[in-house]
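Encoded as structure tokens, the structure appears first; notes follow it.
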Amino acid sequence: MNILILGSGGREHALAWKLSQSSRPLKLFTAPGNPGTAMVGVNLPVDPLDFPAVRSAILEHNIGMVVVGPEAPLVEGITDYLEADAELSSVAVIGPGRSGARLEGSKDFAKGFMKRHGIPTAAYETFTAETAGDAVRFMLTLSPPYVLKADGLAAGKGVLIINDHDEAVRELKAMLGGRFGKAGSKVVIEQYLAGIEMSAFIVTDGISYRLLPEAKDYKRIGEGDTGKNTGGMGAVSPVPFATPEFMSKVEDKVIRPTVEGLRNEGIEYRGFIFFGLMNVGGEPYVIEYNARLGDPESEVILPRIESDLYDMLEGVALRDLDSRILVTSPDSAATVMLVSGGYPDAYNKGFEITGLDSVAGSTLFHAGTAEQGGRIMTSGGRVLSVTSLGETMEEALEKSYRTVSGILFEGVNYRKDIGFDLKKRER
Ligand code: AMP
Ligand code: GLY
């Protein structure tokens, strides 16, 4: 089976790395990929948003399965595009069609979906430029902090949490006035939930699902969860407060109603669902859905899966996932993301990365790297993710930090406190 993974980050390297361990004879392609995916397969110079080019690559390389990494091609409808093509009728696509991807692509759709299916989430209302006056009146009924969400994809920047009422009104007007383009033509205003966040993940064939390991990521650039939001500075799995009791509430109140809700609404969903959850006094609330795996969450989830990932994906493709086995390691995984100095604001790239050969005990997942005449250079904000497994989270973190200390490039930055908040809880 020839498999094409779409994307170029740490998530896609982790997917390719995990699939490369399959006992089945697989040939892996990644488009566009990175130097990490090139170590376990073939990179193709194809933009995942250029659907005709993806189609040509599938035909040229006799691809039987496409695994879509990032959200943009899903929300743009790559699955519908490929599935509608008679010449590609034998190609399985792992990733929902446009209608299922609305769980991530439209906050208003996601909130309405949760309301229809009784899935716990913050109370909300949706407004447009025409109803801006109502939005301002609605805000008067809420107490701070105010949570404003642009409806569409806004590269992780579409959620604002603001304490000051007047500032929140100004931001709301800017959003409805076009600050985020068409992603902000609708704005969801919702109740603020105080709790601790974590993420749950499933893979589903639309009928049954498999619960993958959960994770907690660290989104802010600065230690102690300060400073700007990033794509993610590190992650750990398992999450100590995701007890069996809490996870069974997540399955009963969130996951099952979501899979059944999709089915009842006639939305065929084959792929991953990422549930961003808030634990509010022991009860799960959905903060957001994503129609894909997370990054850097994938870099801790996939290493904890002991069974064959391809077997599960084949179950998704053939709609017999309930007969496939998922075995999860009891070990802990921790990943630390090395980023370019200045990220998430402006940063320089093109610096050589050294120390990549002495990483015993850890696994490196490439993200923003590029190969140049045999040398590995930085080529993005999030550069490399360093994952380790250990019997405890502490041990996994210690291994990752030891490896991180040997990897160098000009301006390298990373958070030194991944998992530290959870250590306090464990005691
Ligand atoms: P999202 O892009 O939907 O994941 O939101 C970004 C971040 O905003 C989340 O990870 C939460 O930390 C925070 N957030 C979103 N919605 C709420 C809410 N209703 N209450 C508290 N925090 C929230
Ligand atoms: N790490 C958050 C995400 O992948 O959306």
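In each ligand, atom 1 is the first atom listed, and ligand 1 is the first ligand listed. Residue numbers run from 1 in the order of the sequence given. Because only heavy atoms are used, hydrogens play no part in the values below, and waters and symmetry mates are left out as well, while side chains stay in. Just so it is clear, the model here is predicted, and its values are computed rather than measured.
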Among [options], whose heavy atom sits nearest [atom]?
{"atom": "atom 7 (C) of ligand 1", "options": "Val286, Asp217, Val159", "result": "Val159"}
{"atom": "atom 15 (C) of ligand 1", "options": "Lys107, Lys149, Arg220", "result": "Lys149"}
{"atom": "atom 4 (O) of ligand 1", "options": "Glu104, Glu288, Gln191", "result": "Glu288"}

query: Considering residues at least two apart in sequence or located in another chain, which fulfil the side-chain contact (heavy atoms from CB on, under 4.5 Å) criterion with Ala367?
result: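 Once residues adjacent in sequence are excluded, Ala367 has no partner under the side-chain contact (heavy atoms from CB on, under 4.5 Å) criterion.
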task: Return the orientation label for the Phe420 and Tyr401 ring planes: parallel under 30°, perpendicular over 60°, tilted otherwise.
output: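 If you compare the ring of Phe420 with that of Tyr401, the planes turn out perpendicular.
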For [X], counting its heavy atoms only, list the atoms of ligand 1 lying under 4.0 Å from any of them.
{"X": "Ile161", "result": "8 (O), 13 (C), 14 (N), 22 (N), 23 (C)"}
{"X": "Glu190", "result": "16 (N), 17 (C), 18 (C), 19 (N)"}
{"X": "Leu193", "result": "18 (C), 19 (N), 20 (N), 21 (C)"}
{"X": "Met278", "result": "21 (C), 22 (N)"}

Salt-bridged, [X] to [Y], with N to O below 4.0 Å?
{"X": "Arg256", "Y": "Asp252", "answer": "yes"}
{"X": "Glu265", "Y": "Arg116", "answer": "yes"}
{"X": "Lys149", "Y": "Glu190", "answer": "yes"}

message: If you measure every N or O of Tyr192 against every N or O of ligand 1, does any of those distances drop under 3.5 Å?
response: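 In fact, backbone or side chain, Tyr192 has no N or O that close.
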message: Below the 3.5 angstrom mark, is there an N/O of Val147, backbone or side chain, next to an N/O of ligand 1?
response: no
field: Heavy-atom neighbours of Ile325 CD1 exceed 12 at 6.0 Å
entry: no
- prompt: Between Asn229 and ligand 1, which part of the residue brings a heavy atom under 4.0 Å of the ligand: side chain, backbone, both or neither?
  reply: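 Looking at Asn229 and ligand 1, no heavy atom falls under 4.0 Å.
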- request: Kindly state whether the ring of Phe275 and the ring of Tyr289 have centres lying under 6.0 angstrom apart.
  value: yes
query: What does the list of residues with a heavy atom under 4.0 Å from ligand 2 look like, ordered by chain and number?
result: Asp217, Gly231, Phe274, Arg292, Gly294, Asp295, Pro296, Glu297
Short side-chain donor-acceptor distance under 3.5 Å, [Y] and [X]:
{"X": "Ser22", "Y": "Asp308", "value": "yes"}
{"X": "Lys111", "Y": "Thr121", "value": "yes"}
{"X": "Thr258", "Y": "Tyr209", "value": "no"}

field: Ring-face cation of Lys216 near Tyr218 (centre distance under 6.0 Å, axis angle within 45°)
entry: yes
